[in-house]
Amino acid sequence: MNIDEIFDFTSFTIDREPHIVLDPQVCVNCDNRGCTNSCPARCYTWSEEEKKMTFVHDGCLECGTCYVVCHRNAFTRWRYPRGGFGVAYRMT
Amino acid sequence: MSSAYSFDAIVVGAGPAGSSAALTMARAGLKVALVERGTFPGEKNMFGGVLHRLPSLEEVFPDFWERAPLERHIVKKGVTFMTGDSTFSTTIEAGNFDRPPYNGYTIFRPRFDRWLAEEAVKAGATLITRATVDELVIRNGQVAGVTILDRRGELTAPVVVAADGVLSFTAKKAGLRQPTFDPGQMAVGVKALIDMPREMIDDRFGLVRDQGFANEFVGGTGGVRGGGFLYTNYDSLSIGLVFHLGSLRTSGKTPYDLLNAFMEQPQVDKMIRGGRLQEYSAHVIPEGGYAMIPELVGDGIIVAGDAAALCNATGLNLEGINLASHSGVLAGKAVIAAHQAGDFSRRGLQVYRQLMDDSYVIKDLKLYRKAPHMLHNDRIYNEYPELVCGMMEYIYRIDGAPKENLSKLFLKTAREKVGLKNLAADAFSAWRAL
Ligand SMILES: Cc1cc2nc3c(=O)[nH]c(=O)nc-3n(C[C@H](O)[C@H](O)[C@H](O)COP(=O)(O)OP(=O)(O)OC[C@H]3O[C@@H](n4cnc5c(N)ncnc54)[C@H](O)[C@@H]3O)c2cc1C
Ligand code: SF4
Ligand code: SF4
């Protein structure tokens, strides 16, 4: 299973409006960045060269992991997507 | 929406807790709104895969097992201790498990949750889908309804049942749950659904008719605290790993890399070979047990299911749906009583607390309250699988050397792998926890 191909095996109805919004400034000074390895959908990417956190909500499984592991409350918004948007499981 | 949208009760979340609550209240003639953010109930929900017996729903529908969309019934249960390239497994298969009332089934949440919500609708509940609850409406210091994200107006009712799952923003907004979670009390599960022809599953796992197999794994999580599972559905396998978030966060390892490594472990690979990945999913689990339960009632609000952290994770079983559904039924009963008394204050709803304290839900969580602590012992995930696999390998290896006395061998291996003091301490804490 290649996580970069998540859209090949899990369905999403992507919302233009992100349900999770991050203040990337908080991440610059984070001593742990547990979100980058813990997120099961690899939505968080830290670039060491640019000292920059990138968050992409498109493949978010709405699992809640980042909400729990972020110990600096870097979120300016953390809620579920608007009704009908987001991940759509068929069988699991 | 206008104020015409007023109900006797609003249930947030159409998972097993919410639908059970709505069903109970609707059957008693209350006007209930069941509000779900998915396009259908269950669309957002995943889990490992085993539905344990649901005594509370069997009371509501005596023919529950005939009606619900179930997969295989579990006749065989196994535990596998696993290292990088060897495994030691034990299984129990009991005739008892193969006869009704069956002990447990595999299910798919998108089907099961949808069915249960439809039963609530048949009983008279109003299901509102594609509706993400946003804020609580507070009147005179009491919860009196909810607003929906992106929709004007509000839904009002004298009481709200928060059944919105583990992160329960509803309970948070009512000030009932802690504002932040302790990663040490939470786990995340990742799962791959693997398509496989039915006959292949029957042959490979030694099953006939609709028999199913449920296996748990100790070890195999790359040293991160947690465990694995593999369950058989009719024509697919559910395979996954559960990680404690405190441990995963600092491990630097990713859930998908660990899942890939688990699926490539030679003995696991043999079980899933020939299958095709159909779906990948993930969700957090409240694993803090009794110590994590928030306030169950507030003024105009009741909390049920995962929203109240009602999950029992002992390591060999993960029970959640049965506890969610039972607490949902009790929440429904408490609301019915509050309507009779006309009192929706914290005091009026306190009957829920009493019903819960007398139920197996709270009793079991209390009984197993030390299990979360025991599961935070790293030796379980590294040294013990090594110990067990190492010993069994030694016992079965025939290389001409005389065998040592078994108990001597155990102590020797244990001394090397675990240390005798630790072994004694772990045995003691395991015994106290279980
Ligand atoms: C990996 C994993 C493995 C598990 N394995 C097992 C197992 O084998 N057996 C078992 O019995 N249990 C298992 N569990 C636990 C079980 O899944 C949960 O305990 C159970 O789903 C709890 O039910 P619930 O109704 O309380 O919450 P959920 O099932 O989480 O339902 C909550 C519902 O609320 C909706 N919702 C949330 N927020 C809002 C909002 N703001 N507005 C509207 N709707 C909202 C959600 O979409 C969802 O439908 C497992 C869990 C996980 C994650
Ligand atoms: S853990 Fe929180 S603060 Fe740290 S990098 Fe991740 S999101 Fe940013
Ligand atoms: S909710 Fe889960 S999948 Fe979504 S960004 Fe957070 S950790 Fe990743």
Side-chain angles (χ1 to χ4, degrees), chain A residues 1-20 30-46 59-75 77-92, chain B residues 36-39 42-47 49 108-111 128-134 148-151 164-167 169 180-183 185-186 188-193 233 236 238 243 245-246 248-257 259-260 263 277-284:
Chain A
M1 178 183 73
N2 180 352
I3 199 67
D4 295 326
E5 290 160 12
I6 189 165
F7 298 106
D8 292 350
F9 35 81
T10 299
S11 310
F12 296 86
T13 310
I14 298 168
D15 193 351
R16 289 161 281 108
E17 192 187 318
H19 56 289
I20 299 174
C30 182
D31 53 357
N32 162 281
R33 299 201 187 95
C35 57
T36 53
N37 71 288
S38 305
C39 169
R42 191 149 78 200
C43 294
Y44 295 82
T45 324
W46 171 253
C60 171
L61 298 165
E62 298 158 35
C63 71
T65 301
C66 55
Y67 180 77
V68 178
V69 300
C70 176
H71 59 311
R72 298 173 66 99
N73 191 15
F75 307 107
R77 170 192 291 169
W78 205 112
R79 65 172 191 218
Y80 290 118
R82 293 185 288 173
F85 287 104
V87 69
Y89 294 132
R90 292 155 296 157
M91 301 288 280
T92 198
Chain B
E36 168 58 45
R37 65 191 188 88
T39 47
E43 184 189 37
K44 302 290 184 181
N45 302 343
M46 62 80 70
F47 84 139
F108 294 124
R109 299 294 299 278
R111 283 188 195 156
I128 306 171
T129 55
R130 297 173 187 259
T132 304
V133 165
D134 192 15
I148 309 280
L149 201 61
D150 264 8
R151 289 196 202 169
D164 48 345
V166 47
L167 298 186
F169 294 107
T180 56
F181 290 106
D182 172 3
Q185 291 188 323
M186 291 283 222
V188 60
V190 292
K191 168 171 156 183
L193 190 78
N233 308 307
S236 62
S238 296
F243 308 102
L245 281 183
L248 179 67
R249 168 165 85 170
T250 52
S251 69
K253 298 183 176 168
T254 69
Y256 37 91
D257 289 338
L259 182 59
N260 279 331
M263 294 197 295
L277 175 67
Q278 211 180 358
E279 196 160 47
Y280 171 68
S281 54
H283 202 70
V284 293

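First the proteins, then the strands, lettered A, B, ... as listed; each starts at 1.
A:Thr65 contributes atom OG1, which lies 5.5 Å from atom CG of B:Leu245 (distance to the nearest 0.5 angstrom). Between the CG atom in B:Leu149 and the OG1 atom in B:Thr132 there is a gap of 5.5 Å [rounded to 0.5 Å]. Put simply, CE on A:Met91 and OG on B:Ser236 are 5.5 Å apart, with the number rounded to the nearest 0.5 Å. Note that SG of A:Cys39 is 10.5 Å distant from CG of B:Leu248, once rounded to the nearest 0.5 Å.
Residues from residues 4-18 of chain A that place a non-hydrogen atom less than 4.5 Å from a non-hydrogen atom of chain B comprise A:Ile6, A:Phe9, A:Thr10, given in numerical order.
Residues satisfying the side chain to side chain donor-acceptor pair (under 3.5 Å) test with B:Asp257, not counting sequence neighbours, are B:Thr254. Looking at residues two or more places apart in sequence or on another chain, you find a side chain to side chain donor-acceptor pair (under 3.5 Å) between B:Ser281 and A:Thr92. Legend: residues meeting side chain to side chain donor-acceptor pair (under 3.5 Å) with B:Thr39, ordered by chain and number and at least two apart, are B:Glu43.
Per-residue heavy-atom pair counts under 4.5 Å with chain A were compared for B:Glu279, B:Lys44, B:Lys191, B:His283, and the maximum is reached by B:Glu279. Heavy-atom pairs under 4.5 Å with chain A peak, among B:Gln278, B:Arg130, B:Glu36, at B:Arg130. With chain A as the partner, the residue from B:Asn45, B:Asp150, B:Asn233, B:Val188 showing the most heavy-atom pairs under 4.5 Å is B:Asp150. Contact count against chain B (heavy-atom pairs under 4.5 Å) is highest for A:Pro40 among A:Pro40, A:Ala88, A:Gly86, A:Gly64. Each of A:Gly34, A:Pro81, A:Ser38 has some count of heavy-atom pairs under 4.5 Å with chain B, and the biggest count is that of A:Ser38. Taking B:Leu167, B:Leu259, B:Leu193 one by one and counting their heavy-atom pairs under 4.5 Å with chain A, the maximum is reached by B:Leu167. Most heavy-atom pairs under 4.5 Å with chain A: of the set B:Met46, B:Arg111, B:Met263, this distinction falls to B:Met46.
With a 4.5 angstrom heavy-atom cutoff, B:Tyr280 touches chain A via backbone and side-chain atoms both. With a threshold of 4.5 angstrom between heavy atoms, B:Ala131 approaches chain A through N, CA, C or O but not through any side-chain atom. Neither the backbone nor the side chain of A:Cys35 comes within contact range of chain B, judged by heavy atoms closer than 4.5 Å. Looking at A:Arg33, neither its backbone nor its side chain comes within 4.5 Å of chain B, counting heavy atoms on both sides.
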* Could you walk me through whether B:Arg37 and A:Glu62 pass the salt bridge (charged side-chain N to carboxylate O under 4.0 Å, His left out) check? -> CA-CA 12 Å; B:Arg37 65 191 188 88; A:Glu62 298 158 35; 2.8 Å; yes
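A donor-acceptor contact closer than 3.5 angstrom is absent between the side chains of B:Thr250 and A:Asn32.
When all heavy atoms of A:Ala41 and A:Gly59 are compared, the pair lying nearest together is CB-O, 3.3 Å.
For an aromatic pair to be called close, the ring centres must be under 6.0 Å apart, and A:Phe85 with A:Tyr80 fails this.
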